[in-house]
Engineer: 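The structure is given below, and queries will be raised subsequently.
Counting from 1, the numbers follow the sequence of the chain as shown.
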Amino acid sequence: MSFEQEWAAHKNEAAMRLNGSGGPDGGGQADLKTNDSGKAAAANALTTRIQPAAGTAGVTADESSGSAVTAFKGWATATGLKDALEEWTLQVRSLQGRLANDKSALLGAKRNFLLNDLDTGNGLRRLGGPQAPGLYGPGLHAPAYGPPVPPTPPVHGPFAPGTD
């Protein structure tokens, strides 16, 4: 087999893999979808159940470990428990921060999908694609918010620019 024949075989194989994604015309699924209600439910669970439960567990461990540190005062066990309690407090704070970030990501996903869709549409329109209606009517232009602001009138008198 010559180099040209082998190269052609590899190109055909790659083209078949690119076109074989399973969607219509080999282009994948027709729409990118997101489960907004599922993300909202997960964010609600984080807010109402998971974050409060993690906070409660952290406080309970702090209280019982704190009393144990006091009971073992003067022993090496007290020092070890105190170090473990400090690490536990850091871990609880870290977990609470991660849960807050997850909740924020869940709530921001809808906005991110919309922005990605708008950005893709703008890119296609720049390439000469069809002009689809946008958020505010034809195109993606924000509505006018009122008449333009008139220019500032000139200042006269002792404080006018250029006077001494």
Engineer: Say you draw a straight line from CG of Asp119 to CG of Leu114; how long is it, rounded to the nearest 0.5 Å?
Structural biologist: 11.0 Å
Engineer: Closest approach of Trp88 and Ala57, non-hydrogen atoms and distance?
Structural biologist: CZ2-O, 4.1 Å
Engineer: Could you give the distance from CD1 (Ile50) to CG (Asn44), rounded to the nearest 0.5 Å?
Structural biologist: 10.0 Å
Engineer: Does anything in residues 72-87 form a side-chain hydrogen bond (donor to acceptor under 3.5 Å, both in side chains)? List the pairs, not counting sequence neighbours.
Structural biologist: Glu87-Gln91
Engineer: Please report the shortest heavy-atom distance between Leu85 and Gly66, naming the atom on each side.
Structural biologist: CD2-N, 4.1 Å
Engineer: Can you confirm whether the side chains of Ser37 and Asn35 place a donor and an acceptor under 3.5 Å from each other?
Structural biologist: yes
Engineer: Which heavy atom in Gln51 sits nearest to a heavy atom in Gln96, and how many Å separate them?
Structural biologist: O-NE2, 3.1 Å
Engineer: What's the separation between atom CG in Asn122 and atom CG in Asp117, rounded to the nearest 0.5 Å?
Structural biologist: 10.0 Å
Engineer: Which residues pass the side chain to side chain donor-acceptor pair (under 3.5 Å) test with Asn101, sequence neighbours left out?
Structural biologist: none
Engineer: Going from CG on Leu99 to OG1 on Thr47, what distance comes out if it is rounded to the nearest 0.5 angstrom?
Structural biologist: 10.0 Å
Engineer: Might you point out which heavy atoms bring Ala54 and Val92 nearest each other, and give the distance in Å?
Structural biologist: O-CG1, 4.3 Å
Engineer: Can you list everything that forms a side chain to side chain donor-acceptor pair (under 3.5 Å) with Thr60? Sequence neighbours excluded, please.
Structural biologist: none
